[in-house]
Trainee: 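Structure incoming, see below.
Note that ligands are numbered from 1 as they come in the structure, with each ligand's atoms numbered from 1 the same way.
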Amino acid sequence: MLSRQLSRRRFIGQGSIGILALTIGTRTARSQQAPPAVADLITRQITPFNAEPPLPKLIENWITPVNSFFVRSHGTVPSLDAKELTLTVDGLVERSLTFRLAELLERFPAATTTATITCAGNRRAEFAAIKKVGGVQWDAGAIGNAEWQGVRLVDVLKLAGIKSGARHVWFEGQDEVTEKDNKFPFGGSIPLEKALDESLTGASLLATRMNGKPLTPDHGFPLRTIVPGFIGARSVKWLNRITVADRPSPNHFVADVYKVVPEENAELIAKTTPIYEFMLNSAICVPAAGATVAGHSLNVKGFALTNGTKGRKVQQIDVSADGGMTWKAAKVTSPVRDFCWVLWTADVPVTATTSSLLVRATDSSGEVQPEKCPWNYKGYQFNGWHKINVKQS
Ligand SMILES: Nc1nc2c(c(=O)[nH]1)N[C@H]1C(S)=C(S)[C@@H](COP(=O)(O)O)O[C@H]1N2
Ligand SMILES: [Mo]
């Protein structure tokens, strides 16, 4: 609670940074500016800024308002001038291209998609039950669903012309991440096949807007990628370069981290495929952990997400108030759309011995969330049954 109050106080009232930076056209680091306005978030790390909403807040809306959308940044938040931004497309293409932002938006048809972004580290804190993992200790709130607007990546790639031998598309941001005395921008990478997806729900975007407004500095102003179905790390913020290549990006965040490995072993890491799709998952958001239960029935609410495979649907969501002996099926209360979370509700019978609540989701391929998630060294993709403890009144 204390951390939440502190973060509220610290981060109130800065809505004008983007505008200020725009009008005076400067590139100032955040340290010289007022802190971000993210009143609905719990700060997990101040520098770089990482924050997630309290879980009851998270599921108030199917489309997550920007104020309660988690922020995951590995380095500085660059303060960019939209008029000065250039996007370069190079590598294995027939024509290298460079666009100003306004040119990009004029040249290609406008596209809108709704997609859920989830950090691969969401629910990382739960690995501590096996063995604590380093990194930002996320609860289940490093996830959000938004309406993104921009242009389609596939349209830009088609204009550039893909050369034979191309297999991957790299993205590079304009932030500065410091790792072991090296400074470099955050980068991502996706297989070419994914980048060329033209479907309504599956097309990746070069997005300038989130929920009808320009991206905020924390979420990548003025330009980011949005890759439906893939972990958040592939949706690169502050984008200024797209490179088509025959292999995944050598950027640290593709080559070294965001891989599921049992230990820090350079050889093993080098040959492990980067994480792309997110995984089947669900969490209880209401009541909050530690809430008091009374009576015979309890209303429980939360979210569920299929893995990032095209066409997967959430088939069933089960909630238990007796440690998994009996389960009650939840009802989906939100729209259902590929690559988006669903919100659900269930009235679950409780007794004087109820001490916890559990949820697990099943998808349309019959895959069920595992009861326990195997431990991994970096703490990615935790998707064991979500459990919260409750008290009796
Ligand atoms: N340039 C850049 N892009 C980035 C990151 C970053 O640190 N730098 N973080 C990534 C990660 S790990 C996630 S989960 C998402 C989070 O997006 P959000 O902060 O808009 O919620 O952004 C991704 N894009
Ligand atoms: Mo992430």
Trainee: Do the charged groups of E367 and R312 touch, with an N to O distance under 4.0 Å?
Mentor: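 Salt bridge between E367 and R312, a charged N being under 4.0 Å from a carboxylate O: yes.
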Trainee: Do the side chains of L305 and F278 get nearer than 4.5 Å, heavy atoms only?
Mentor: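 Side chain of F278 against side chain of L305, heavy atoms only: contact under 4.5 Å found.
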Trainee: Could you check whether atom CD of E94 has more than 12 heavy atoms from other residues, nucleotides or ligands sitting under 6.0 Å from it?
Mentor: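 More than 12 within 6.0 Å, yes.
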Trainee: Aromatic rings W148 and F69: how do their planes relate, parallel, tilted or perpendicular, breaks at 30° and 60°?
Mentor: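 Perpendicular, since the angle between the ring planes exceeds 60°.
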Trainee: Short N/O distance, under 3.5 Å, between H74 and ligand 1?
Mentor: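 Min N/O separation from ligand 1 is below 3.5 Å for H74.
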Trainee: Could you work out, for atom 23 (C) of ligand 1, the closest of P78, G232, G187 by heavy-atom distance?
Mentor: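 That would be G232.
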Trainee: How far is atom 9 (N) of ligand 1 from its nearest protein heavy atom, and which residue and atom name does that atom have?
Mentor: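 Scanning the protein heavy atoms, the shortest distance from atom 9 (N) of ligand 1 goes to R72 O, 3.2 Å.
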Trainee: Of G173, A233, S235, which has the heavy atom at the shortest distance from atom 24 (N) of ligand 1?
Mentor: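 When every heavy atom of G173, A233, S235 is considered, S235 comes closest to atom 24 (N) of ligand 1.
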Trainee: A cation-pi test, strictly: NZ or CZ of K194 under 6.0 Å from the centre of the six-membered ring of F339 and no more than 45 degrees from its axis. Yes or no?
Mentor: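 Yes.
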Trainee: Report yes if the side chains of N240 and L223 come closer than 4.5 Å at any heavy-atom pair, otherwise no.
Mentor: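 Not in contact.
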Trainee: Within ligand 1, which atoms have a heavy atom of F69 less than 4.0 Å away?
Mentor: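 Listed by number with element, the hits are 21 (O).
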Trainee: Is a side-chain donor or acceptor of K328 paired with a backbone partner of D347 at a separation under 3.5 angstrom?
Mentor: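 Answer holds: yes.
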Trainee: Should the pair Y258 and F253 be assigned to parallel (<30°), tilted (30 to 60°) or perpendicular (>60°) ring geometry?
Mentor: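 Ring orientation, 0 to 90° scale: tilted.
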Trainee: What is the nearest protein non-hydrogen atom to atom 21 (O) of ligand 1, stated with its residue, atom name and distance?
Mentor: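 Checked against all protein heavy atoms, atom 21 (O) of ligand 1 sits closest to F70 O, 2.7 Å.
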Trainee: Can you confirm whether more than 12 heavy atoms, excluding those of K301, are under 6.0 Å from its NZ atom?
Mentor: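 12 or below, so no.
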Trainee: Counting non-hydrogen protein atoms only, what is the nearest one to atom 8 (N) of ligand 1? Give residue, atom name and distance.
Mentor: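 Heavy-atom neighbour on the protein nearest atom 8 (N) of ligand 1: D175 OD2, 2.6 Å.
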Trainee: Tell me which one of C119, G220, S73 gets a heavy atom nearest to atom 14 (S) of ligand 1.
Mentor: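 Considering heavy atoms of C119, G220, S73, the nearest to atom 14 (S) of ligand 1 sits in C119.
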Trainee: List the closest protein heavy-atom neighbour of atom 12 (S) of ligand 1: residue, atom name, distance to the nearest 0.1 Å.
Mentor: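 Nearest neighbour among protein heavy atoms for atom 12 (S) of ligand 1, to 0.1 Å: Y258 OH, 2.9 Å.
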Trainee: In this structure, does ligand 1 have an atom that sits under 4.0 Å from one of the heavy atoms of F253?
Mentor: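 Under 4.0 Å: no for F253.
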Trainee: So for R224, does at least one of its heavy atoms come nearer than 4.0 angstrom to any atom of ligand 1?
Mentor: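 Contact present.
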Trainee: Can you report which non-hydrogen protein atom sits closest to atom 3 (N) of ligand 1, along with the distance?
Mentor: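 Going by distance alone, atom 3 (N) of ligand 1 is nearest to K237 N, 2.9 Å.
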Trainee: Under 4.0 Å from a heavy atom of V71: which atoms of ligand 1 are those, numbered in the order shown and with their elements?
Mentor: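 Those atoms are 19 (O).
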